[in-house]
K.L.:
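I have a structure here, written as structure tokens, and I will follow up with some questions on it.
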Amino acid sequence: MNIAFDRITEKGFLDIEIDPRLDLFAEIEHLKKEKNAILLAHYYQEPDIQDVADFIGDSLGLAQKAQQTDADIIVFAGVHFMAETAKILNPGKKVLLPDLNAGCSLADSAPAGIFKEFKEKHPDHIVISYINCTAEIKALSDIICTSSNAEKIIESVSADQPILFAPDKNLGAYLNKKTGRNMLLWNGACMVHEIFSLEKITKLKIRHPQAKLLAHPECEEAVLAVADFIGSTTQILKFSETDPSTQYIVATETGILHQMQQNSPFKTFIPAPPTNSCACNDCPHMKLNTLEKLYLCMKYEVPEIMMEENLRLAAKKPMDRMMEISRAAGLIG
Ligand code: 13P
Ligand code: SF4
């Protein structure tokens, strides 16, 4: 195990060569049993990783699963803030992330030092932060929210209480519209959800007049304005399963199409086009995790998420508040 630890520091993952004859799916299943490990994956992970996961979910579902598990090891196939959240909620477990460099542009858009100064300029505001932020930002917040509970979280705060919302300005603007609040917004955004082209989506809608546009609330206002349904990844997926239409344009990261197609094999799902011809609707952070890195991470039990206890306790407070409000609203069991 120690050999692995030294090799991880530079690259953020183990670069040990793997025997190409190994059946990685079978190996990962074996490691799960042997180590009593649970594999949690976000919908933006590559299809192979989703297929081998024990649970796939949105940020709220994953956080709840991480909190409730009695496994000894939580392997988080997602990005750093998600694995960090698992550690905040369930510190007794070993939490592993296949690539330590799997970050998030949204979380990066709120550096703790600058955010703290901003917060201090608005002492009358309470801070509601989207879960896509670092543990340091969580520790500076009063309540955390995800895309699936944000509306309820905001509604739980009295109407005359000023709110500072961070770090996603698009989600914040969408929530201001939905709730009629005038939250002060931090100027952050997700590099993936900002890239969708309204012009190309409009053209696509003309070519596929029956197709419904499904959008994640991290998208820009102009895209959300023409969406037929807006929700978290789980909510979008569920909508696509129960809605009677057969064609959808999907304005979120492409990984979700794997579950959509699997759960509704006779429906058509078209990824919403980005502004240029890049693959920018693939999240480069999420896609840093691969089946190979996942296997090595489980085998050698690195990289592991570590957190200083004072920071963890401070970050847990607003997470607990989120869970309480979500439970009271019937969003989680
Ligand atoms: P949800 O899966 O909670 O909707 O979040 C989407 C996202 O951007 C995660 O990084
Ligand atoms: Fe962050 Fe956006 Fe990637 Fe989600 S899709 S992890 S918000 S950069």
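Both counts, for ligands and for their atoms, begin at 1 and track the order of listing. The shown structure was predicted, so the numbers you read here are calculated from the model rather than taken from an experiment.
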K.L.:
If I compare all heavy atoms of K32 with all of A53, which pair ends up nearest, and what's the gap?
P.N.:
NZ-C, 4.2 Å

K.L.:
Quick check: closest heavy atoms across H193 and T252, and the distance to 0.1 Å?
P.N.:
NE2-OG1, 2.7 Å

K.L.:
Using a distance threshold of 2.8 Å, what protein N/O/S atoms lie below it relative to atom 2 (Fe) of ligand 2?
P.N.:
C190 SG

K.L.:
I need the minimum non-hydrogen distance between L257 and P271, along with the two atoms involved.
P.N.:
CD2-CD, 3.9 Å

K.L.:
Go through H285 and S105 one step at a time and tell me if the side chain to side chain contact (heavy atoms under 4.5 Å, CB included) criterion holds.
P.N.:
CA-CA 8 Å; H285 308 289; S105 69; 4.3 Å; yes

K.L.:
Can you see whether Y248 has K212 sitting over its ring - NZ or CZ less than 6.0 Å from the centre and within 45° of the normal?
P.N.:
no

K.L.:
Run the side chain to side chain donor-acceptor pair (under 3.5 Å) check on S59 and T146 step by step: do they pass?
P.N.:
CA-CA 6 Å; S59 301; T146 75; over 6 Å; no

K.L.:
Using a strict cut-off of less than 4.0 Å between a Lys/Arg side-chain nitrogen and an Asp/Glu carboxylate oxygen, indicate whether K177 and E221 qualify as a salt bridge.
P.N.:
yes

K.L.:
At less than 3.5 Å, what protein N or O atoms come close to the N or O atoms of ligand 1? Include the distances to 0.1 Å.
P.N.:
| unit_1 | atom_1 | unit_2 | atom_2 | d |
| --- | --- | --- | --- | --- |
| ligand 1 | 2 (O) | H42 | NE2 | 2.6 |
| ligand 1 | 2 (O) | T233 | OG1 | 2.5 |
| ligand 1 | 3 (O) | S59 | N | 2.9 |
| ligand 1 | 3 (O) | S59 | OG | 3.0 |
| ligand 1 | 3 (O) | S147 | OG | 3.4 |
| ligand 1 | 4 (O) | S147 | OG | 2.8 |
| ligand 1 | 4 (O) | H216 | NE2 | 2.7 |
| ligand 1 | 4 (O) | T233 | N | 3.0 |
| ligand 1 | 8 (O) | E218 | OE1 | 3.4 |
| ligand 1 | 8 (O) | E218 | OE2 | 3.0 |
| ligand 1 | 10 (O) | N132 | ND2 | 3.4 |

K.L.:
Could you tell me whether W186 and F165 have their ring centroids closer than 6.0 angstrom?
P.N.:
no

K.L.:
Going through the distances and angles, do N281 and T254 end up as a side chain to side chain donor-acceptor pair (under 3.5 Å)?
P.N.:
CA-CA 6 Å; N281 44 357; T254 55; 5.6 Å; no

